[in-house]
Amino acid sequence: MHYAYEGLATVTMLALYSGQPPVELTTEELPIVLRNAGANRARVEFDHYLLGPKEANVLRIELPEGWMLHGPIIAGVNEPGGGWLEFSIEQHDLDLASPVARDGWEWQ
């Protein structure tokens, strides 16, 4: 299995639209699998329904040690039994050097 990270993360769904105040909903300690989904794309998979504001269009993921990925949502599925979201990122975001081994981290 090829993935960048598997473990607990803080996931925030945001609705950001011009002329409207931002709306966000955060889920802490969500078990995720984070994958590189191609050039400037990441994919996060989760095992239960992810709460968020209606018409969320941005995703932010905070990993242990303070690392963060964020960007516009491109595609996804969010159902009671889980789902996945793909979002735009900067190319270097998933090419970080492997940190010292920590519980919950799995780098390839």
Under 4.5 Å between any side-chain heavy atoms of [X] and [Y], yes or no?
X	Y	result
Pro64	Tyr5	yes
Glu6	Ile32	no
Leu34	Ile61	yes
Val23	Leu14	no
Thr26	Thr10	yes
Arg35	Glu45	yes

Pairs of donor and acceptor atoms involving the side chains of residues 76-87, under 3.5 Å and at least two apart or interchain, shall be tabulated with distances.
unit_1	atom_1	unit_2	atom_2	d
Asn78	OD1	Leu50	N	2.9
Asn78	ND2	Leu50	O	2.7
Glu86	OE1	Arg41	NE	3.3
Glu86	OE1	Arg41	NH2	3.1

With the 4.5 Å side-chain cut-off for hydrophobic clustering, are [X] and [Y] part of the same group?
X	Y	answer
Leu25	Ile73	no
Val44	Val58	no
Leu59	Tyr17	no

Worksheet entry | Asn57 and Leu16: CA distance, side-chain angles, deciding distance, side-chain contact (heavy atoms from CB on, under 4.5 Å) verdict | CA-CA 7 Å; Asn57 60 349; Leu16 300 177; 4.0 Å; yes
Fill in: Least distance between heavy atoms, Pro53 atom then Ala15 atom
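Minimum heavy-atom separation between Pro53 and Ala15: CG-N, 3.8 Å.
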Practice prompt. May I have the step-by-step check of side-chain contact (heavy atoms from CB on, under 4.5 Å) for His70 and Ile89, ending in yes or no?
Written response: CA-CA 6 Å; His70 62 93; Ile89 60 169; over 6 Å; no
Discussion item. With a sphere of 6.0 Å drawn around CD of Glu29, does it hold more than 12 non-hydrogen atoms of other residues, nucleotides or ligands?
Written reply: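 Result for CD/Glu29: open.
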Practice prompt. May I have the step-by-step check of side-chain contact (heavy atoms from CB on, under 4.5 Å) for Met13 and Arg60, ending in yes or no?
Written response: CA-CA 7 Å; Met13 302 270 294; Arg60 179 174 62 225; over 6 Å; no
